[in-house]
Visitor: 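Can you keep this structure in mind? I'll have questions shortly.
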Amino acid sequence: MIEEVFFISSENKQLRADGRAYDELRPIKIKAGVLKRADGSAYVEVGGNKILASVYGPRETYIRRLLKPNTGVIKVRYNMAPFSVDDRKRPGPDRRSNEISKIAADALRPALMLESFPRSMVDISIEIIEAEGGTRCAGITAAAVALADAGIPMRDIPVGCAAGKMNGDIVLDLSEKEDKEGQADVPIVILPRTGEITLLQADGKLTEEEFEEALDLAMEGCMRISKIQEEALKERYNVNG
Ligand code: UDP
């Protein structure tokens, strides 16, 4: 039985299983300021991913040992809802979510002017409501908008996107199917103003040339998503006068 039909695009590259061109992002929606009680929030859809990010703070933390006298600190919690994936996910933290929480904090921190709120903490929560591949990038993109919505002083708005290898081609923004069946995945987060990379992971096998191509493509994807982040924040600003 033939499960997938591939078409040839105008650029002579095979279209992907979901019909996208090699350099096409999944449909994206970003909305800032969706929660009343959080200091900042954002809802993001990237393809089938549905993600809610919220920010609380800066505030004095009850965990005194985490406070620093000259700078603020951030804490990120990435969490996948049990119903967000095909096979029910066991609730609570695990190795994968702890790792993503840590790399998300590392990817966001360089954009934040933490020195402007010493002895305080910003809590960032990334809730994956539905997952369809690329949740770490989409989650960090959402958290960045939530941080801006919270009015946290920022040098730039981090943005994430992945590129990878599927059927021998370097493609942008892997779906869950491509993530599972493909040969490599390169998720990145950048600060779009300077192009500084704050997260770079590579899973799978790529030649040096393929890696460069994936990196360039992921960068381009980030720049496109960055515009949508900006639009979401402008819309939020206009709505609230
Ligand atoms: N996934 C899943 N169950 C899990 C973890 C992940 O079904 O417990 C799916 C989910 O769609 C996720 C994808 O596998 O987006 C890829 O996961 P990965 O660990 O590569 O992280 P991501 O690409 O989401 O950043």
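Note that the structure is predicted; figures quoted are calculated from it, not measured. In each ligand, atom 1 is the first atom listed, and ligand 1 is the first ligand listed.
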Visitor: Less than 4.0 angstrom from a charged side-chain N to a carboxylate O is my criterion; do Glu231 and Lys234 meet it?
Guide: yes

Visitor: Regarding ligand 1, does Gly134 bring an N or O atom to under 3.5 Å of one of the ligand's N or O atoms?
Guide: yes

Visitor: Among protein heavy atoms, which lies nearest atom 9 (C) of ligand 1, and at what distance?
Guide: Glu176 OE2, 3.2 Å

Visitor: Would Met80 count as being in polar contact with ligand 1, using the rule that some N or O on each side must be under 3.5 angstrom apart?
Guide: no

Visitor: Distance to 0.1 Å, residue and atom name: give those for the protein heavy atom nearest to atom 24 (O) of ligand 1.
Guide: Thr135 OG1, 2.5 Å

Visitor: Could you tell me whether Asp18 and Arg20 make a salt bridge, using a distance below 4.0 angstrom between a side-chain N and a carboxylate O?
Guide: yes

Visitor: Salt bridge or not between Glu181 and Arg16? Use side-chain N to carboxylate O under 4.0 Å.
Guide: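 Judged by the 4.0 Å cut-off on N to carboxylate O distance, Glu181 and Arg16 do not form a salt bridge.
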
Visitor: Under the 3.5 angstrom rule, does the side chain of Arg26 hit a backbone N or O of Asn49 as a donor-acceptor pair?
Guide: no

Visitor: Heavy atoms only: which of Glu130, Arg136, Glu132 is nearest to atom 25 (O) of ligand 1?
Guide: Arg136

Visitor: I want to know if ligand 1 touches Asp86 in the polar sense, i.e. an N/O pair below 3.5 angstrom.
Guide: no

Visitor: Kindly identify the option in Lys89, Arg96, Arg88 whose heavy atom sits closest to atom 17 (O) of ligand 1.
Guide: Arg96

Visitor: Looking only at non-hydrogen atoms, which of Asp94, Val85, Asp179, Ile103 approaches atom 20 (O) of ligand 1 most closely?
Guide: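 Looking at heavy atoms only, Asp179 sits closest to atom 20 (O) of ligand 1.
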
Visitor: For Lys180, enumerate each residue passing the salt bridge (Lys or Arg N to Asp or Glu O under 4.0 Å) test, keeping only those at least two apart in sequence or located in another chain.
Guide: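 Glu176.
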
Visitor: Just distances here: any N/O of Tyr78 and N/O of ligand 1 closer than 3.5 Å?
Guide: no

Visitor: Where is the nearest protein heavy atom to atom 12 (C) of ligand 1: which residue, which atom, and how far?
Guide: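 Nearest neighbour among protein heavy atoms for atom 12 (C) of ligand 1, to 0.1 Å: Gly133 N, 3.8 Å.
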
Visitor: Has Thr198 got a side-chain atom pairing as donor or acceptor with Ala107's backbone, closer than 3.5 angstrom?
Guide: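 Yes; judged by distance alone, with no hydrogens or angles, the pair exists.
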
Visitor: State plainly whether the residues Glu127 and Arg77 are in salt-bridge range, i.e. N to O under 4.0 Å.
Guide: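 Between Arg77 and Glu127 there is a salt bridge, with a charged N closer than 4.0 Å to a carboxylate O.
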
